Amino acid sequence: MLGEGMLKGLAETAKNFAGSFVSKDRLTTVQYPEERAPVIENTRDFPFLVYDGADDASDEAKLAGLRCVACQICEKECPPKCIYIVKSTDKKPDYVGKPQIYPARFDIDISVCMSCQICVEVCPFEAIKMDTEFELSTTDRFGGLLYDREQLARSNQHYHKIHPTEAAEVDARLAEEKAKSEAKAKAAAEAAALKAAAAAAPKPVVPAAIEQKEPTA
Amino acid sequence: MIPTVFGLTLPFLIIAALTIAGAVAAALLRNLVHCALSLTITFAGLALLYLNLEAQFAGFVQMLVYIGAVAILVVFAILLTRGAGMPEYRSYSSNWLLGLILAAATFAVLTWAVTRSLPATAASAAPAVTVQGIGVSLMTTYVMPLEIVAILLTVALIGAVIVAMPESKKEGQQ
Amino acid sequence: MKSTEEILAMIQAALPAAHVELVLNPSPSAQHSLRVAPADAFAVASFLRESVELALDYCSNVTGVDWPDKEITEKVKVTQLVDGEEKVVEETVKRIEPGCLEAVYHLYSMRRAHEAIAGPVVLRMRTVNRTDQVQLPSLTFVWRAAEFQEREIFDLFGIVFTGHPDLRRILMWDEFEDHPMRRDYVDPDDYEYEPTPHDEVLKRAEAQSKSAGVTA
Amino acid sequence: MSLLSQLDQIFVLLQHWVAGFFPTWLQPFVGTVLAVVGIVAAFPGIFAVTTVLERKGLGRIQNRLGPNRVGPFGFFQPVADGIKSLTKEDIVPFTADGLVHFLAPVVLVVAVFLGFAVLPIGRNMVLANMDAGLLFFFAIGASTELSVFMAGWSSRNKYSLLGAMRAVAQMISYEVPLLLSATVIVMMTGSLSTVKIVEAQGGFTGFLPHWYVFTPWGFAGFVLFVIAALAETNRSPFDLPEGESELVAGYFTEYSGFKFALFFLGEYLGMFSIAGFAITLFLGGWGAPFSFLGFVPSWGWFFLKLLGAIALFIWLRGTLPRLRQDQLMNFAWKFMLPMTLLNLVVAGAWRFMGEGILRWLICSAVLLAAYVLLGRVLMRHQKLGPRSYRYAE
Amino acid sequence: MSTADMKVYRPPVIDIIEEGDELLEVAMGPHHPSTHGVFRMDVALDGERVIRLKPVFGYLHRNHEKIAEKASYLAAMPYTDRLDYFCSLTNNWAYALAVEKLAGLEVPERAEYIRVITAELTRIQNHASSIGFLMQEMGASGTPLMYAFRERERILDLFEELTGSRMMCNYMRFGGCRVELPTGWLAKAQTIVDGLPKFIDEIEALLTGNEILMARCQGMGILKPDLAINAGVTGPMLRATGVNYDLRKVDHYGIYDRFKFRVPLGDHGDIFDRYMIRVLEMRESVTILHQAIKDIPAGPIMDPKSKIRGFRPKPGEAYGRIEAPKGELGFYLISDGSGNPYRYRVRPPSLINLTILEDMCLGHNVADVVLIFGSVDIVLGEVDR
Amino acid sequence: MTPLAAFLIVAALVFAIGLAIALTRRNAILVLIGIELMLNAANLNLIAFWRFGPHPELLTGMMFAIFSISVAAAEAAVGLGLVIAYHRHARTTDLDTMTRMKG
């Protein structure tokens with residue numbers, strides 16, 4: 001009570017002072033541009049759109065491979081309403097080959113986005129995922145952080161790179177779905193064929209869709 | 001070595017001018033804090049004059065007591081009485097003219113006396129005044145005044161505290 | 001802990017003149033509430049707080065709810081003179097059920113907290129209508145906890161609590177005019193500029209600087 | 001003259017050598033100017049280094065790295081800071097008292113620099129070997145209060161004014177124990193001259209020096225002096241006048257740019273000068289700590305000790321929270337003042353008790369008992385103490 | 001029952017200041033360094049003594065309640081992170097709890113354990129940083145704060161690994177949690193929890209015995225239990241006054257009944273008690289964490305009845321509350337059967353704990369006001385919503 | 001070397017200004033300031049006479065000045081205390097309105 005409390009405190013700070021030279025564990029600061037904190041797999045920052053295809057695909061290929069079908073659920077659920085989607089008027093086949101609407105326009109205003117991951121959760125098509133890229137500063141306050149389809153598109157490989165466990169699960173699920181839908185299509189085709197055979201063979205129409213389908217990455 | 005004007009050394013002239021200027025400013029300025037601050041200039045000038053007169057100890061004491069204590073006390077008093085910053089509504093007393101005349105007359109008389117009575121004596125060689133010497137004489141020749149001053153200071157301290165103490169007890173009794 | 005019905009019975013026994021009714025809550029939470037007539041609210045609230053058995057000394061949450069005017073479309077059979085003869089005609093009538101503002105108080109007991117699992121006792125009061133100066137009695141003197149929350153309701157819903165010691169806007173600035181939590185609130189066109197007290201401050205500063213010295 | 005003693009006197013010789021180029025009647029003047037230039041160059045230099053060291057030291061205490069971007073290990077940080085503060089806009093509040101607002105930092109820096117005049121930095125290295133040197137230092141120190149008041153009052157800011165009032169009250173209160181704790185040394189040395197005080201501590205018993213801090217009254221005086229010095233320089237835990245959590249920045253809230261830098265400089269220089277005096281009075285000034293280390297130049301010892309004192313100040317700053325105004329005053333008047341007065345008595349007794357272990361024991365016991373008693377009474381009076389807590393299952 | 005004899009806890013009435021009284025009116029804030037954000041206190045001082053203090057809020061007001069009423073139930077969840085941005089996980093829990101009451105959802109056992117673990121970690125990091133901020137207010141140049149943040153950093157790393165974000169976790173869902181624990185997470189959490197007592201010892205060695213801290217904190221800003229109850233003060237502030245009211249013990253929400261822990265109570269209700277209660281609560285949280293990490297069962301983490309998309313509870317209302325680190329955090333929801341809450345109300349502990357700020361500060365120094373305010377432990381995101 | 005008369009004239013001037021302040025200003029604190037100035041002028045005279053007197057080694061004048069400084073400090077403290085005490089009652093430091101002696 002007569003200063004020994006203060007002396008104890010001084011001893012504690014002295015210990016920390018010396019300790020900061022000895023143990024690296026004490027210094028929690030990271031010297032940012034040179035050093036970086038280890039990447040944690042679950043980290044989320046801003047959303048991107050997954051496309052199936054090569055990493056360095058052309059813009060057209062990227063857009064063609066987008067899994068998004070412009071269902072606008074994420075747009076509706078997005079808490080800060082930073083997603084803007086325009087549906088296409090035509091359809092193109094998705095990865096299982098079903099003809100789907102695609103987004104004619106898909107903008108995310110990253111400056112408004114609050115990284116909540118709700119778009120990812122509500123997306124039934126595994127088309128939007130969270131990136132880990134955080135160095136996004138630009139000099140343009142309004143336009144610079146408004147990302148369009150091309151800027152948002154990242155390959156499935158990229159997704160595998162940043163969230164390996166999750167991506168593997170997603171791929172497995174998609175493969176299963178695809179297998180299911182293929183089986184279904186096959187069954188349908190067979191049924192149609194049977195039907196056609198029964199109806200004295202008019203040409204089958206349905207399998208055309210299957211032929212058109214693109215290989216998944 | 002040191003340049004002189006009218007037979008007065010330049011440092012003396014500068015210091016004297018500073019001292020007088022500070023005093024005049026204290027008399028003329030309307031803002032009380034400005035008055036107090038210019039007063040410190042006067043005090044500092046006087047301390048320097050003491051040093052000029054080779055009274056080192058007295059000069060430092062002047063600095064310590066007047067700049068360090070009295071000036072601060074004055075400033076505090078001004079702040080506590082809400083005088084700070086408020087230009088006085090009428091800063092001069094109703095019979096200011098009389099006061100001024102009196103002061104001028106005093107100055108005239110004093111100057112007349114000084115110029116008339118004093119022969120132009122030159123100072124003798126500077127005496128070796130050590131602090132030890134001052135201490136010794138304080139404890140020998142001047143021990144009685146020292147004690148009286150000590151008592152006076154103590155009484156003044158207690159008196160000032162009592163005078164300035166808020167009268168909380170009295171209010172409590174009421 | 002007593003059920004809401006029992007509490008109602010207790011209130012009616014103690015304050016027979018008070019108008020209190022039970023409002024049932026159909027959701028699984030089954031937190032039923034008591035609607036009190038504003039005139040009796042203070043007496044009922046004081047009773048709830050002071051009653052030894054209930055000891056509802058802690059007002060956890062105070063909030064407002066806006067129930068806007070509801071337009072109800074009904075089909076009513078009306079006898080009408082059609083072509084000189086009386087007929088029963090079905091007619092759609094639009095009736096406007098007047099809306100109201102409601103203040104909701106969630107009460108708990110701290111003194112008797114550990115005796116049983118206590119659901120909240122919910123006390124509600126309704127205003128007559130939802131025009132601008134609707135009034136409810138303030139319960140701040142029963143529960144200090146209501147002080148800021150009633151101010152907030154005043155600010156966001158526009159209920160004037162009579163008897164509140166310091167009823168000012170709390171979240172919006174003093175010059176703001178509307179009540180943003182009302183359901184018919186419309187965002188102002190230009191919310192970049194709103195008058196602030198700062199103009200006045202500037203004016204005062206200017207006036208001050210004109211006089212030669214300024215008070216510290 | 002041996003090389004070592006030449007090294008010891010290198011600055012003095014340098015001064016004589018440069019002054020030798022001038023006519024004889026100008027030499028004393030030139031010598032003084034050179035010494036002043038030396039002080040005016042050296043201490044701001046130390047100030048610059050200290051700011052980095054302080055930030056780095058605090059950083060290490062707080063498990064951070066501290067500044068490390070500008071230059072090697074961040075040691076050019078003060079250069080960057082200096083450029084920044086020089087190029088910053090100099091804001092004078094609209095309603096401020098312009099002249100006083102401008103003069104305040106200038107007065108502070110000038111007054112603080114004057115204090116170095118009587119500080120013996122090394123053997124034969126003192127600007128003015130005045131007979132009343134210590135008195136001069138305290139007289140000059142008293143005038144810094146005025147600049148603080150000027151700054152706070154002229155800003156026309158309530159925080160500034162509160163900070164200035166606090167600062168002045170605090171400085172006046174702690175001047176008393178500061179003076180009284182230094183008086184012990186004057187009593188023992190019989191001189192107010194700083195040079196004589198250092199020389200009086202020059203001897204060695206065995207290899208231990210005769211520093212005053214190694215006596216009971218000297219140690220108590222040193223501790224009291226350091227506490228009062230912390231308060232006088234507004235350092236933590238007595239940094240109330242500029243306590244940023246209460247008064248934003250206290251009396252220099254409304255200062256920016258160069259004037260702010262001047263205040264900053266003035267504060268640190270004040271710290272150096274007062275630390276320098278603590279060293280001079282209690283730690284043997286420029287004397288070596290052990291007899292066998294006498295070969296190191298005297299100024300080297302002085303600066304080493306100064307560095308140590310600064311490190312102590314930084315350490316305290318990194319650890320202790322701040323006192324409150326009334327507690328600060330209570331501490332000054334109810335603890336510091338009685339202790340310093342008692343210390344005076346003890347020192348007097350020491351003088352007349354003759355040699356021997358007995359005086360050590362008695363003096364230490366008296367001081368310790370008074371400390372414990374006073375501390376206990378004060379703590380009990382304020383109902384302070386450790387507490388126990390109950391739990392509900 | 002007559003109301004005449006009822007004890008009334010009146011807010012302090014502004015005295016009519018006499019002409020010529022030397023009052024110094026200071027606006028502390030909104031950009032004062034010690035107001036924890038943009039908060040203002042209009043203080044009238046007599047010398048340095050406070051004779052009036054009016055808190056002013058709303059600088060951070062964004063009408064969270066209105067936003068949530070316009071969004072779906074799920075979309076309100078990330079906004080709750082931003083209420084008290086130090087404790088997003090407990091905010092999530094309180095909201096999820098209210099919705100679960102409203103919709104009658106059951107939470108699987110494993111999810112309950114995860115909730116307890118994250119909530120107690122949140123409590124520790126909140127209390128540690130609040131002590132750090134308090135010391136910062138006291139002028140300890142940031143050392144305790146930095147130690148607290150060093151530890152907080154480790155806990156935030158855990159949160160990031162689990163939820164993907166350090167502060168805006170958005171982790172709990174109605175009827176469970178969003179994602180399963182990553183592999184190895186529990187082991188990592190265990191090592192961090194094992195290190196926590198050492199950290200608390202360090203903080204205590206640095207602070208508890210410090211005479212300056214005692215002088216500053218003991219007997220300052222005393223709050224009486226009666227007033228505290230009446231003013232709805234909750235959390236460590238209430239328990240420092242000696243009222244035994246911890247919702248974990250009172251409401252038995254979640255699975256807190258299964259853990260053995262004690263509720264520390266203070267006797268004086270001053271700043272020092274608030275500080276010590278926080279320290280002791282951290283120690284209790286560590287014991288809860290040890291038990292929870294040991295006992296956590298395997299199983300699902302979501303109620304199968306709950307839906308992510310198109311969640312529409314039946315009409316009705318519910319009030320759910322939990323013991324958040326700062327006090328009782330409640331959510332009051334009214335559903336009209338649509339996908340958005342009809343009424344969504346947050347009962348912010350920070351705001352209501354400020355009700356008695358003036359009562360505590362009157363007669364004290366400016367310096368004490370800063371401390372008393374710091375000891376309340378508020379976050380402006382929650383006060384202003 | 002500066003002659004004695006110069007010091008004495010400076011002292012006389014300071015004294016006169018102090019007197020003028022004391023007599024013409026209305027504020028009680030300023031009047032105290034004026035009195036301080038007069039005291040200082042006297043001190044200057046004392047020291048000047050000591051320095052130019054026949055026996056400077058006897059320290060008489062300087063001692064007188066030092067005592068005078070200490071007494072002046074006491075005077076200032078008490079005087080300002082009185083002013084503050086009066087101000088607390090009457091809320092004024094204006095000498096023209098200071099007419100009551102009772103609190």
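Letters A, B, ... mirror the listed sequences (proteins, then strands); counts begin at 1. In this text, all values refer to a predicted model and were calculated from it rather than measured experimentally. Values below: all heavy atoms of this structure, side chains included; hydrogens, waters and symmetry mates excluded.
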For a quick test of reading the model, state the closest non-hydrogen atom pair linking [X] to [Y] and the distance between them.
| X | Y | value |
| --- | --- | --- |
| C/Arg144 | E/Thr355 | NH2-O, 3.2 Å |
| C/Leu171 | E/Val383 | CD2-O, 4.1 Å |
| C/Asn25 | E/Gly316 | OD1-CA, 3.4 Å |
| E/Ile352 | C/Ser60 | CD1-O, 4.0 Å |
| C/Arg183 | E/Tyr342 | NH1-O, 2.7 Å |
| E/Pro55 | C/Phe148 | CG-CZ, 3.9 Å |

Examine whether an atom of [X] lies under 4.5 Å from a heavy atom of chain E, and if so say whether it belongs to the side chain, the backbone or both; otherwise answer neither.
| X | answer |
| --- | --- |
| C/Arg168 | side chain |
| C/Asn61 | both |
| C/Asp166 | side chain |
| C/Glu147 | side chain |
| C/Leu156 | side chain |
| C/Pro165 | side chain |
| C/Val62 | backbone |

Pairwise side-chain contact, C/Thr63 with E/Tyr319, heavy-atom cut-off 4.5 Å (strictly under):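 The answer is no; the side chains never approach within 4.5 Å.
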
Cation-pi, C/Tyr108 ring and E/Arg321 (6.0 angstrom, 45 degrees):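 Yes; both conditions hold, so E/Arg321 lies above the ring face of C/Tyr108.
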
Top of C/Met172, C/Glu152, C/Arg169 for chain E proximity - count of heavy-atom pairs under 4.5 angstrom: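 Most heavy-atom pairs under 4.5 Å with chain E: C/Glu152.
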
Most contacts with chain C, counted as non-hydrogen pairs under 4.5 angstrom, among E/Glu65, E/Glu328, E/Glu317, E/His61: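 Top option by heavy-atom pairs under 4.5 Å: E/Glu317.
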
Residue, of E/Leu60, E/Val56, E/Asn244, that accumulates the most heavy atom pairs under 4.5 Å with chain C: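 Counting heavy-atom pairs under 4.5 Å, the top option is E/Asn244.
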
Presence of salt bridge, E/Arg343 and C/Glu102, under 4.0 angstrom: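 Salt bridge between C/Glu102 and E/Arg343, a charged N being under 4.0 Å from a carboxylate O: no.
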
Engaged part of E/Leu354 at the chain C interface, taking heavy atoms whose separation is under 4.5 Å: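 Interface part for E/Leu354: both.
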
